[in-house]
J.: 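Dropping the structure in here first, questions after.
Given the structure is predicted, the values throughout are model-derived calculations rather than measurements. Numbering of ligands and ligand atoms starts at 1, following listing order. Start at 1 with the first residue, then count along the sequence. Note that these values count all heavy atoms, side chains included, but never hydrogens, waters or copies made by symmetry.
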Amino acid sequence: MSFEHTRVISESVKRIDARGKVTGETRYPGDIDIEGQLWMRIKFSERAHARVRDIDASAAEALPGVIRVFTSRDVPVNEYGLVIKDQPVLCGPGGDKAATDVVRCYMDMVATVVAETDDVARRALDMIDVQYEDLPAVFDAEEAMANSAPQLHPDCLGNLVARYRIRKGDMRAGWAAADVVVEGEYETTWQEHAYLQPEAGLAYIDEEDRVAVLVAGQWTHEDQEQIYHALNLPPEQVRVIYPAIGGAFGGREDMSVQIILALAAWKLRRPVKIQWSREESILYHHKRHPIKVRAKWGAASDGMLTAVESEVIGDAGAYNYTSNKVLGNAQLTVTGPYVIPNIHVDTYAVYTNNIPSGAFRGFGAPQALFAAEGQMNRLAAALNMDPLAIRLKNSIREGSIGSVDTPFPAGVTMPQVFEACGRESWWEQAASGWRLRAPAQPADPSKRRGRGIAGGFKNVGFSFGFPEHCWAGIELRGKADIDEVILYHAGADVGQGAHTALSQMAADAVGIPFDTVEIVASDTASSGSSGSASASRLTFMSGKAIQGAAEIALRKWKDEERPARGEFMYRPPPTTPFDPQTGRAQPNFAYGYVAQAVEVEVDIETGQVQLLDVVCANDVGKVINPQQLQGQIEGAIVQAQGYALMEYVVSDEGMIRNPFLSTYLIPTSLDVPPRIKSVILEYPDPIGPWGLRGMAEMPFLPLAPAIAAAIFNATGVWIDSQPFTGQKVVATLRRQGIGFI
Ligand code: MOS
């Protein structure tokens, strides 16, 4: 048996889903119809916090064409949640679980209507009469921590869904050693995922009498688990399939339509479909966490950090979703990619009656790094040091001990990434050290240009002791030669091109040409659990699983088994949670590193900030598909540009007032910077397959603080809350006496 070696790793092979998506043949959940299907609409809460006294659906059920109205009494086990099952599937009286009769935010569901047509289902919603008894509500995380605040969940004093701390070194000695101390307060707000395909799905009874749910998500097996738990069914009675997925970014980690569709199809034994509008999508799925950070950093006159004290408060909204994990990651990144001898951090995730906050590309790190890198830039200014030079002095490197008092996993390349970013942008390495070249200023005196830099790191894989795993199956078909390779994998291609990259890795692992591989993906009926398309983990984890499965299959092939089938469950080195007292932990097994330099132009008359140039240095370990990698970098930067400069959720006592893409503004092709330079570094991760590291979230992380630094460089003014809208920037400039009156 011999194969001609075809290069398939580090090649921009054509995406396997390209043709279908370009021609429109690809079917997303909303495009799929089944003969005889019914339509579902959801009655959402009309209160931010209230007890549901009674639901009268008799008028709605009497409407011709209405098949059934489902309420809390119909849900066998009325609870769900990705990490903590703290949310009722349907809120109302008579549920089997405690406190299911309370709505805690406007995105709670009270009832679902199933009807012959979508129009009838929609009309029936207004005929459902819900009696509420209002409860006191709280919309601010710090207010929610007070003893007098309304308590949202039983047994959750102070509404604290998570609380962490770091106590490292000797703070008194740290402050004594500091020649300069800078203090800052940083605030970040919600961000909407704005994926292309709003929530949609279809549930039906399949040929093996399973309830099958066709939906867009990030982890088929986790969706399956939450569905069978709520329906009180054995796992094998529930099947989850992802057809094409129109983007996710963390926004599909939690449930939307999965459980209610499955419940209706299971009870009615008929196919049931739902399709949300853009307005419903924005109103009823979670957002990125608003996080407030109070930070005090000290450094010696040579720039070496001596002490960091931070308080981190995250608004979890009404339910946990992934808040306890997101705030854990915020705590881990709020000290930045630096070695700091003395650290004191307190971190809180707090329930409020706002929309739940949850996973969104970066998972707490963008907010925390906004504060950390803001502090670093302030320190550089206070010490009159170059912002790159001070970073390199303090940067974590191979063997460094982290804030959690354990060494970073081997393969730390933060200094190399910072240096590459400086070199490829506007820094010169003179005898005296790194020096930033100032930009040429425009002739127009109302325009000021500035440059800034920031960096960051993020975990690859689930953190803090979660039992990480990833499954793959490989089947080799043929007689003398391998003619066909089938890769079975549950991983979600959310639009990032994962299935193409997985197929490339399978081809290389087996040693056959790329187009010999066929992937059977994202169906719980044909795959083991691969974990989610999240935490920048999928390529890394799947690569290891695919290598393991290929090795087994090739061994069986040699032993003349036809077809030869290998299955493998990869388990990375274990991680540990924060020690409750000291924060000591081994939180992760791998990291990715990133740094960005930006140039902006600030209009001091209007406050408008133009992003002119971005240089993004990424250590990805090994490129699998260069073009897709480029797409991830550019996409993350544009998404982060929206976060930094324009995106703003208007929330009025828990009610989102701008649930449209005409009022919630995201960058368009006219906004993207004229140039994004991607600097790809390939320092292998010692345990990564082919040496690769995860990279999908990393280019999001440092953009907002890099832009804030560039605004300071241009104007001498710090902006400490995002988004840096014209209105906010101009007001800040005026307060400091800058600009025209
Ligand atoms: Mo992501 S924010 O790890 O889905």
Side-chain angles (χ1 to χ4, degrees), residues 81-83 188 190-197 199 215-223 226 242 245-256 258 285-291 314 316-317 320-330 332-333 349 356-370 456-464 466 468 470 490-498 522 529-542 572 575 587-592 594 632 635-636 639-640 642-643 647 693-701 703-704:
L82 183 57
V83 188
T188 60
W190 294 283
Q191 186 183 20
E192 153 65 25
H193 303 81
Y195 28 64
L196 281 174
Q197 156 100 48
E199 288 73 3
V215 72
Q218 292 180 233
W219 184 356
T220 46
H221 289 73
E222 176 57 36
D223 285 5
Q226 293 195 60
Y242 295 162
I245 299 167
F249 313 113
R252 301 192 201 272
E253 275 201 33
D254 296 85
M255 299 288 97
S256 56
Q258 287 88 333
H285 82 254
H286 73 260
K287 305 287 174 261
R288 185 189 296 283
H289 284 80
I291 294 180
N320 181 65
Y321 281 55
T322 46
S323 288
N324 54 350
K325 303 288 177 186
V326 169
L327 269 295
N329 197 42
L332 197 60
T333 45
S357 309
F360 196 151
R361 201 177 204 162
F363 209 70
Q367 298 97 317
L369 285 166
F370 179 54
F457 66 103
K458 190 177 177 297
N459 57 299
V460 176
F462 300 142
S463 315
F464 306 120
F466 188 91
E468 249 294 18
C470 186
D493 192 325
V494 294
Q496 82 282 47
S522 306
S529 174
S530 306
S532 66
S534 75
S536 300
R537 66 180 285 287
L538 195 59
T539 314
F540 184 114
M541 296 292 296
S542 307
T575 60
N588 292 296
F589 55 85
Y591 288 97
V594 65
Q632 284 282 39
Q639 200 167 39
Y643 183 61
E647 296 185 35
R693 301 164 187 271
M695 59 71 57
E697 296 164 286
M698 288 58 168
F700 191 103
L701 308 179
L703 192 77

J.: Does R537 reach ligand 1, in the sense of a heavy atom lying below 4.0 Å from it?
T.: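 It does not; every heavy atom stays at 4.0 Å or beyond.
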J.: State whether the side chain of Q218 and the backbone N or O of A533 hold a donor-acceptor pair below 3.5 Å, judged by distance alone.
T.: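 Checking the backbone N and O of A533 against the side chain of Q218, a donor-acceptor pair under 3.5 Å is found.
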J.: Does F700 have R288 sitting over its ring (NZ/CZ under 6.0 Å from centre, angle to axis within 45°)?
T.: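 Verdict for F700: a cation-pi partner in R288.
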J.: Could you tell me how the ring of F360 sits relative to the ring of H193: parallel (under 30°), tilted (30 to 60°) or perpendicular (over 60°)?
T.: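 Ring orientation of F360 relative to H193: parallel.
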J.: Quick check against the 3.5 Å criterion: does S532 have a side-chain atom that pairs as donor or acceptor with the backbone of W219?
T.: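 Judged by distance alone, no pair lies under 3.5 Å.
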J.: Which atoms of ligand 1 sit under 4.0 Å from any heavy atom of F360?
T.: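 Heavy-atom distances to F360 below 4.0 Å select 2 (S).
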J.: Which of the numbered atoms in ligand 1 are below 4.0 angstrom from a heavy atom of F363?
T.: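 Atoms satisfying the 4.0 Å criterion: 2 (S).
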J.: Please could you name the atoms of ligand 1 that S534 approaches to less than 4.0 Å, counting only its heavy atoms?
T.: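 Listed by number with element: 1 (Mo), 3 (O), 4 (O).
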J.: Run the numbers for me: atoms of ligand 1, each under 4.0 Å from some heavy atom of Q218, listed by number.
T.: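 In order of number, 4 (O).
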J.: Between the side chains of K287 and E192, is the shortest nitrogen-to-carboxylate-oxygen separation below 4.0 Å, so that they form an ion pair?
T.: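 Counted as a salt bridge, because a side-chain N and a carboxylate O are separated by less than 4.0 Å.
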J.: Evaluate the ring planes of F540 and F589, with Trp represented by its six-membered ring, and classify them as parallel (under 30°), tilted (30 to 60°) or perpendicular (over 60°).
T.: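 Tilted, since the angle between the ring planes falls between 30° and 60°.
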J.: Just which atoms of ligand 1 are under 4.0 Å from any heavy atom in E253?
T.: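 In order of numbering, the contacting atoms are 1 (Mo), 3 (O), 4 (O).
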J.: Counting from 1, what ligand 1 atoms have a heavy atom of A535 closer than 4.0 Å?
T.: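 Counting from 1, the qualifying ligand atoms are 1 (Mo), 3 (O).
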J.: Please could you name the atoms of ligand 1 that R361 approaches to less than 4.0 Å, counting only its heavy atoms?
T.: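 Heavy-atom distances to R361 below 4.0 Å select 2 (S).
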